[in-house]
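Have a look at the structure below, then the notes.
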Number of protein chains: 2
Amino acid sequence: MTTRAEQRKQTESRILTAARELFGEHGFDRTTVRMVATRAGSDPGLVMRYFGSKEQLFAQAAAIPTDGTIEGTPDEIATHLTAALAGKLADEPVTALAALRAMFTHPEAADEVRKAMTAQQRQIAGQLPGDDALVRSGVIGALTLGLVISRHLVKLDGLDVPTEQLTAIAGPLIEELVTGSRPVE
Amino acid sequence: MTTRAEQRKQTESRILTAARELFGEHGFDRTTVRMVATRAGSDPGLVMRYFGSKEQLFAQAAAIPTDGTIEGTPDEIATHLTAALAGKLADEPVTALAALRAMFTHPEAADEVRKAMTAQQRQIAGQLPGDDALVRSGVIGALTLGLVISRHLVKLDGLDVPTEQLTAIAGPLIEELVTGSRPVE
DNA sequence: GTCTATAAAGTGATAGAC
DNA sequence: GTCTATCACTTTATAGAC
């Protein structure tokens, strides 16, 4: 048996899932409340009633999942970062894609992404050697962002290969950025 | 003295410039014909009359400037690519920003970007050694894209440093990707 | 040639019927 | 508690006055 509270929670959850998918597919502006309601098997009025506004629905749908703090020796950090990259490349990070796609037109989404990236960037830079640790850490973030966008959003055909092949190429780059070493000539 | 044809050309040019700036700042959906007309010191009706539709205006405003063909030894290619990156990082590429910002929500803009990136990626991969030349070439594109987006669009604070400092870090990475060499352990 | 007025369509949000 | 009907607004695009 389903109580009314349970019923409501299920509907709310279906709406949130539908919102995540649609915001990720079409961005903020092109996703309408009507579309979300239809995919969730509900109606626009209920979506508004539950979430208050389209903005608030987006805020709940597009929260950026943080990677957690990363600690250890530079080598351990490099390994950890490469593993995190592998995870982002393997399966489409539905909820993060919503924020990524929206960030370029939705100022609040941009702040969200910037905040998340900056936090991790600083946290990592603090454990790296060299004067330009913050810059190198930023380049790691840019490389990660570029790979995720190119693979999942732009769908660049050259990157449509097994995850292992990508990490085999990107891993050494990250390691190099972490340690600050130069490659052999 | 200004003939009518000249007058028209000037107005058309002002509209195009305004469109480039606004599409770059706010993306496709959030840029209205009204905004473009206002910034160009004209009116919406004239914009429509000259360009036919908002779509066609965008198509003309957001054309991707191609880098031209790159040839030579791997070393020369790396140098060329690093120089091209430096150019994109130095001053905001206004017209490309329009396409970049719009690509995530505007399917046609996405095609435009994918087409431009794929073409260059293939052209370069053909001159690189190794089985995975196409993938490495794609990673170069992803790295470039990530850096441009992080610096100009996300405005990640760690990347707000002189261009030379960025190319000093990214240059070796590109070189490594071009040659397919591994860094020293 | 240039600009004003308006049409047609779609949006987020709301009020109220069931 | 759920959904239908509608409001108020903004958008692109057009028709016609100057």
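Below, read A as the first sequence line, B as the second, and so on, with proteins coming before strands; counting in each chain starts at 1. Atoms considered below: every heavy atom in the structure, side chains included; atoms not considered: hydrogens, waters and symmetry mates.
Taking 4.0 angstrom as the limit, A/Tyr50 places none of its side-chain polar atoms (N or O) nearer than this to OP1 or OP2 of D/dG1.
Under a 4.0 Å N-O distance rule, the pair A/Glu108/A/Lys54 does not qualify as a salt bridge.
Comparing atom distances between the A/Thr32 side chain and each of D/dT11, C/dC3, C/dG12 picks out C/dG12 as nearest. Checking D/dT2, C/dC3, D/dT14 against every side-chain atom of B/Ser42, the shortest atom distance belongs to C/dC3. The side chain of B/Ser53 approaches D/dA13 more closely than any other nucleotide in the set C/dC3, C/dG12, D/dA13. Nearest to the side chain of A/Arg34, among D/dA13, C/dG12, C/dT4, sits C/dG12. Ranking C/dT2, C/dA13, D/dA13 by closeness to the B/Lys54 side chain, first place goes to D/dA13.
With B/Glu25 as the fixed residue, the salt bridge (Lys or Arg N to Asp or Glu O under 4.0 Å) test singles out one of B/Arg30, B/Arg39, B/Arg20: B/Arg39. A side-chain hydrogen bond (donor to acceptor under 3.5 Å, both in side chains) with A/Glu12 is found for one member of A/Lys9, A/Arg8, A/Arg14, A/Gln10 and no other, namely A/Arg8.
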Subject >> Worked check of side chain to side chain donor-acceptor pair (under 3.5 Å) between B/Glu55 and B/His106 >> reply: CA-CA 10 Å; B/Glu55 283 289 341; B/His106 197 68; 3.2 Å; yes

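Counting any heavy atom pair closer than 4.0 Å across all strands shown, B/Thr11 reaches no nucleic acid atom. Using a 4.0 Å heavy-atom criterion, one finds that B/Arg8 contacts no nucleic acid atom at all.
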